[in-house]
Amino acid sequence: MPASTGSRYTLVLLTLLSALAFMDRQVLAVLITPVKAEFGLSDLQVGLVTGLGYALAFAVLGVPMGRLADRLERRSVVAWCRGLGGALGALGAMTTGAWSLMATRAGGALSDAGAGPASMALLAELYPPEQRSRVMSVFSAGASLGALLALLVGAWLAQRYGWRTTVALVGAASLVMALVLRLTVRALPKAVHAGAAAAAARGGVAEIWSMPVARSLILATAFALVAGYGFGAWNLSLLVRRHGLDLQAAGMVSTVAALSSVVGSLWAGALADRLTRRDLRWQLGVPLLGMGLALPCGVGYLLLPAGALVPAVALVAGFSLFVSWWAAPVYAALSLVVPPRRRATANAMMLMAGAVVGTGLGPVGVGWLSDHLARLGLDATPGESLRWALLGAMAMLLPCLLMLLRGLRAYPAARQASSMPQTVQAVALPEKGLPAR
């Protein structure tokens, strides 16, 4: 069934908002060098700034905001959370030290904790099951697009105007786009949410956690993002320290990785939708295959000798391509086994696991381990301690593979047992210029 014009318009806006939110989070990885120099930070403190402030706020907001999105009109939840999150992120331009800068990272947590689950639940209502992996792949590509914008636009802005102006502009862009969403997209009919509100009020976290597939997918996401966020936060620094690149050259390598991630995310969604027509197990077989291919690429990249740039670019591109295969099929699978009234809550649980464990422990753990190994004398060769710390993060793909395998075994029965609601079509339309079907 083809999607309506309004559904596609809503998907584009939600993806752009996700990209700007991720750009706001990722831009600090690009700005590490000037921020570290201005505030005199260690690698551990950099990890705290880039990860802990976000993770702590998400730990508090994650599930409550997901339940709120199951009870309220989701378009408004997305607009308010993205807008307020952008405004708080922009306040980073006024910070005077590491702790105040870390506090402003709570804006990104508010944005993702509220808008992320609401966006995915809204898309699940707008698109039928046979299109859902592809739709989630477009939405998931927003994160890779945000990383790309951080590398290209963020680096250019920082070089021209400084890191403070860069942070302010990125936050302001999120606020503007949130207003566009609120003013040009119509809400779903209230009847769609009437049953969900009463059910969501009675909870649902225990119900979702008791589902073997949902539990496996939440844990797989946490392990995947420890590796992904740890690698993403520190790879640019590794290229500078170990391979002797300047920031511009390292940024170009990271840009190749970000482009590969966008391609991988879109490819995985289309591949999962096609293969699941033959066998339902491919819904989780695609991410399992992707992570299985990403692991040797990532380990091989980190084991390369210093200065081996050609194989380094090839392997980091391969890692970025395959490691992005998990997101779209996994989020789609969750929407297909969890009751509609629990979708935003389930998405919030998955995002919270990724935020608290992935974003919180990934960059911080890599920074702490790098500092610790350097004190033991492992950093006699530039970047050596950071390289081994990143190998530790990469090892988290092993339990991720195990959780995906467990979920795969239970998925067909859970999918067949779930009662699929009718898809709501053509209800999220721009106020102007786009006709209803």
Side-chain angles (χ1 to χ4, degrees), residues 11 66 70 116-117 119-141 143 204-205 207-225 228 264-292 294 322-354 358 397 399-421 423:
L11 172 61
D70 273 332
S119 296
M120 288 185 283
L122 181 57
L123 291 173
E125 291 172 354
L126 292 173
Y127 287 89
E130 63 270 16
Q131 298 178 13
R132 210 164 286 169
S133 290
R134 191 170 304 179
V135 168
M136 291 300 178
S137 74
V138 174
F139 180 72
S140 299
V205 173
E207 176 187 343
I208 294 165
W209 188 251
S210 69
M211 301 173 64
V213 174
R215 185 169 61 249
S216 296
L217 296 184
I218 290 169
L219 292 172
T221 297
F223 288 121
L225 291 181
S265 179
L266 296 173
W267 189 5
L271 185 63
D273 276 345
R274 174 172 294 187
L275 293 179
T276 50
R277 295 170 191 165
R278 305 175 186 176
D279 190 330
L280 286 175
R281 290 175 293 182
W282 278 112
Q283 187 69 48
L284 296 180
V286 168
L288 186 66
L289 176 63
M291 301 309 261
F322 294 121
V323 81
S324 62
W325 280 25
W326 72 269
V330 163
Y331 285 124
L334 191 68
S335 76
L336 292 168
V337 299
V338 172
R341 70 182 188 278
R342 305 292 192 202
R343 279 177 183 155
T345 302
N347 289 329
M349 292 172 64
M350 183 175 287
L351 290 172
M352 188 174 74
L397 292 182
C400 173
L401 285 166
L402 176 61
M403 291 300 105
L404 286 173
L405 183 59
R406 287 185 177 180
L408 174 63
R409 291 170 177 168
Y411 178 75
R415 175 71 177 87
Q416 292 171 356
S418 65
S419 57
M420 300 306 300
T423 301

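Predicted, not measured: the structure shown is a model, and the values here were computed from it.
With values rounded to the nearest 0.5 angstrom, Ile218 atom CD1 is found 4.0 Å from Met349 atom CE. Going from atom CE of Met211 over to atom CZ of Arg342 covers 11.0 Å, rounded to the nearest 0.5 Å. Considering CE of Met291 and CG of Leu397, their distance stands at 5.0 Å, rounded to 0.5 Å. Separating the CZ atom in Arg134 from the OH atom in Tyr127 is a distance of 11.5 Å, to the nearest 0.5 Å. Remark: Gln131 CD to Leu123 CG distance equals 11.5 Å, nearest 0.5 Å. Expressed to the nearest 0.5 Å, how far CG of Leu275 lies from OG of Ser133 amounts to 10.0 Å.
The shortest side-chain heavy-atom distance between Val135 and Tyr331 does not fall under the 4.5 Å cut-off. Counting only heavy atoms from C-beta outward, the side chains of Met120 and Met136 approach each other to under 4.5 Å. You'll find the side chain of Leu217 reaches within 4.5 Å of the side chain of Leu284, heavy atoms only. Looking only at side-chain heavy atoms (C-beta outward), Val330 and Met350 come within less than 4.5 Å of each other.
Scanning for salt bridge (charged side-chain N to carboxylate O under 4.0 Å, His left out) contacts around Arg274 gives an empty result, with sequence neighbours left out. Scored by the side-chain contact (heavy atoms from CB on, under 4.5 Å) test, Trp267 finds Leu271, Leu321, Trp325 as partners (sequence neighbours excluded). Considering only residues two or more places apart in sequence or on other chains, Ala143 meets the side-chain contact (heavy atoms from CB on, under 4.5 Å) condition with Phe22. Leu225 pairs by the side-chain contact (heavy atoms from CB on, under 4.5 Å) definition with Thr221, Tyr229, Trp326, not counting sequence neighbours. Checked against side-chain contact (heavy atoms from CB on, under 4.5 Å), Ala346 has the following partners two or more places apart in sequence or in another chain: Ile208, Leu334, Val338.
Across all their heavy atoms, Ala220 and Cys400 have their closest contact at O-SG, 3.5 Å. In plain terms, the two heavy atoms of Asn347 and Ala121 that are nearest each other are ND2-N, 3.7 Å. In terms of heavy-atom proximity, Gly292 sits nearest to Leu401 at N-CD2, 3.6 Å. Between Pro329 and Pro287, the closest heavy-atom pair is CB-CD, 3.7 Å. Minimum heavy-atom separation, Arg281 to Asp279: NH2-OD2, 2.8 Å.
At distances below 3.5 Å, not a single donor-acceptor pair connects side-chain atoms of Gln283 with backbone N or O atoms of Ala272. Counting only distance, with no hydrogens or angles, the side chain of Ser265 and the backbone of Ser137 share a donor-acceptor pair below 3.5 Å. The main-chain N or O of Ala124 is found under 3.5 Å from a side-chain atom of Arg132 such that the two form a donor-acceptor pair.
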Only pairs under 3.5 Å count here: list side-chain donor-acceptor contacts from residues 402-413, not counting sequence neighbours, and write none if there are none.
none

